[in-house]
Amino acid sequence: MAALYLVSARVAQPLSILAEEFPVKLSVFNELTRDIRDVGITVKHLVLLDNKIFIEEVDVELFLRRFGHQLRGIRYSPAGRFTCNTVTVRGIDVAWYTLMKEQDK
């Protein structure tokens with residue numbers, strides 16, 4: 001009979017500024033932020049600890065035109081009356097909120 005072993009999920013440790021990889025991750029984060037701003041996209045929030053850049057919903061179409069070829073993943077998660085849309089570009093999550101759509105009855 002097969003045994004079932006429960007193993008807790010690994011919790012990502014916060015990145016320390018003393019870690020060797022910190023300057024590299026910070027550089028990539030800052031470079032993508034600059035590139036997003038350079039094309040005229042409004043950056044709403046920067047959350048370095050979560051490796052996430054939030055943009056305005058009105059800029060999503062421009063973002064997808066400029067960075068669509070670099071997308072590596074897309075996720076949706078409910079957040080109250082909103083949906084948080086997240087894509088990964090250059091290893092950084094770029095997110096925006098949209099109103100949750102009502103299902104047709």
K.L.:
Write out all pairs satisfying ring-ring contact (aromatic ring centres under 6.0 Å, His included) with one or both partners inside residues 25-55, taking only residues at least two apart or from two chains.
P.N.:
F54-Y97
K.L.:
What residues, two or more places apart in sequence or in another chain, satisfy side-chain hydrogen bond (donor to acceptor under 3.5 Å, both in side chains) together with R75?
P.N.:
T88, D93
K.L.:
Please report the interatomic distance NZ(K25) to CG(N30), rounded to the nearest 0.5 Å.
P.N.:
14.0 Å
K.L.:
So which atom in M100 and which in G80 form the shortest heavy-atom distance, rounded to 0.1 Å?
P.N.:
CE-O, 3.6 Å
K.L.:
List the atom pairs, with distances to 0.1 Å, where a side-chain N or O of residues 60-72 and a protein N or O form a donor-acceptor pair under 3.5 Å, not counting sequence neighbours.
P.N.:
from : atom 1 : to  : atom 2 : distance (Å)
Q70  : OE1    : R90 : NE     : 2.8

K.L.:
In the structure I gave you, are the side-chain heavy atoms of I41 and R37 within less than 4.5 Å of one another anywhere?
P.N.:
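Side-chain contact under 4.5 Å: no.
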K.L.:
Who passes side chain to side chain contact (heavy atoms under 4.5 Å, CB included) against N85, sequence neighbours left out?
P.N.:
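Expected list: Y76, T83, W96, T98.
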K.L.:
Using side-chain heavy atoms (C-beta onward) and a distance below 4.5 Å, is K44 in contact with I55?
P.N.:
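Of all side-chain heavy-atom pairs linking I55 with K44, none is under 4.5 Å.
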K.L.:
Cluster question for you: counting only ILVMFWY and a side-chain heavy-atom cut-off of under 4.5 Å, with indirect links fine, are I36 and I74 together?
P.N.:
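As far as the 4.5 Å side-chain criterion goes, I74 and I36 are connected within one cluster.
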K.L.:
Go through the steps for T33 and I53 under the test side-chain contact (heavy atoms from CB on, under 4.5 Å), then give the verdict.
P.N.:
CA-CA 7 Å; T33 302; I53 300 169; 3.4 Å; yes
K.L.:
Tell me, please, which residues at least two apart from D50 pass salt bridge (Lys or Arg N to Asp or Glu O under 4.0 Å).
P.N.:
none
K.L.:
Looking at every heavy atom in both V89 and L32, which two are closest together, and how far apart are they?
P.N.:
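Smallest heavy-atom distance, with atoms named: O-CD2, 3.6 Å.
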K.L.:
Of all heavy-atom pairs between A95 and K52, which one has the smallest distance, and what is that distance?
P.N.:
CB-CD, 4.1 Å
